[in-house]
Amino acid sequence: MAQGYSGSMGDGISTDRRRSERRSMSFPVHLACGPEAACPPGQLVDIGAHGLLVQLSAPGRPPGVGERVLLSLSLVDGMLHVLGRANRSVRGDDGRWYVAVEFDEVERLDRSRLDRLLTLAVAQPADAR
């Protein structure tokens, strides 16, 4: 888990509402929070088959809960663009925003690319992440 993020929903109760296991990975992610509206740049914290967690690296407005976002991930085989919805936006102990996004429908070819990414995350040694 990222330093600065406790996983608590603010009420002292830690919850795990994920539909699938997440894998730790770190690389840049760009979010668009609305028509022509970019969110602050982000860094991937972890990713799973149904969503991901992004740490926003600059001050600014994070997407609101339920807000639709366009995620752009730069993969080895090119850019991957996926639509999703922000499930949670919380400020970590480090002052940065952490945004959990659940993927909306993912095209078959993009799903295949996500699956390959998750397979790579499993194969990577923990100290290489």
Side-chain angles (χ1 to χ4, degrees):
M1 178 107 2
Q3 182 178 0
Y5 178 72
S6 67
S8 170
M9 295 302 295
D11 55 6
I13 300 171
S14 183
T15 60
D16 189 1
R17 298 175 295 163
R18 297 179 184 155
R19 292 193 292 160
S20 60
E21 186 176 337
R22 297 257 182 104
R23 304 285 182 200
S24 295
M25 294 191 92
S26 180
F27 57 83
V29 176
H30 297 279
L31 289 86
C33 303
E36 307 292 324
C39 291
Q43 189 74 19
L44 181 68
V45 174
D46 62 33
I47 188 167
H50 300 285
L52 53 73
L53 179 65
V54 176
Q55 172 196 44
L56 299 183
S57 55
R61 184 186 80 79
V65 173
E67 188 172 348
R68 196 156 196 202
V69 297
L70 172 64
L71 302 158
S72 298
L73 296 87
S74 181
L75 305 181
V76 174
D77 61 347
M79 292 299 289
L80 173 65
H81 304 286
V82 181
L83 288 171
R85 290 204 184 271
N87 279 348
R88 182 172 38 130
S89 290
V90 296
R91 190 177 293 270
D93 298 332
D94 58 2
R96 295 183 177 143
W97 284 98
Y98 290 82
V99 180
V101 177
E102 183 174 359
F103 302 138
D104 282 344
E105 289 184 39
V106 179
E107 298 293 324
R108 187 173 50 86
L109 290 175
D110 290 337
R111 171 57 59 198
S112 167
R113 293 175 71 202
L114 278 172
D115 290 345
R116 275 197 311 273
L117 180 65
L118 291 169
T119 301
L120 287 173
V122 172
Q124 239 180 9
D127 58 356
R129 294 185 196 156

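Hydrogens, waters and symmetry mates play no part in the numbers below; they use all other heavy atoms, side chains included. Keep in mind the model is a prediction, meaning the values are calculated, not measured.
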Query raised in the report: Short question: side chain of Arg111, backbone of Ala49 - any donor-acceptor pair under 3.5 Å?
Result: yes
Query raised in the report: Backbone N or O of Gly66 within a donor-acceptor pair of the Arg85 side chain at under 3.5 Å?
Result: yes
Which value, rounded to the nearest 0.5 Å, describes the distance between [X] atom [atom1] and [Y] atom [atom2]?
X: Asp93; Y: Tyr98; atom1: CG; atom2: OH; answer: 8.5 Å
X: Gln55; Y: Asp46; atom1: CD; atom2: CG; answer: 11.5 Å
X: Arg68; Y: Leu83; atom1: CZ; atom2: CG; answer: 4.5 Å
X: Glu67; Y: Arg61; atom1: CD; atom2: CZ; answer: 4.5 Å
X: Leu44; Y: Leu117; atom1: CG; atom2: CG; answer: 7.5 Å
X: Leu73; Y: Met25; atom1: CG; atom2: CE; answer: 9.5 Å

Considering non-hydrogen atoms only, spot the tightest contact between [X] and [Y] and give its length.
X: Ala86; Y: Val99; answer: CB-CG1, 4.1 Å
X: Ser89; Y: Pro63; answer: OG-O, 2.6 Å
X: Ser72; Y: Met79; answer: CB-CE, 3.7 Å

If hydrophobic clusters are built by linking Ile, Leu, Val, Met, Phe, Trp and Tyr wherever their side-chain heavy atoms come under 4.5 Å apart, do [X] and [Y] end up in the same one?
X: Leu118; Y: Val29; answer: yes
X: Val69; Y: Phe27; answer: yes
X: Phe103; Y: Leu70; answer: no

Query raised in the report: Mind checking what makes side-chain contact (heavy atoms from CB on, under 4.5 Å) contact with Pro41, not counting sequence neighbours?
Result: Ser57, Ala58
Query raised in the report: Can you name the side-chain contact (heavy atoms from CB on, under 4.5 Å) partners of Arg113, sequence neighbours left out?
Result: Leu75, Asp77, Leu80, Asp110, Arg116
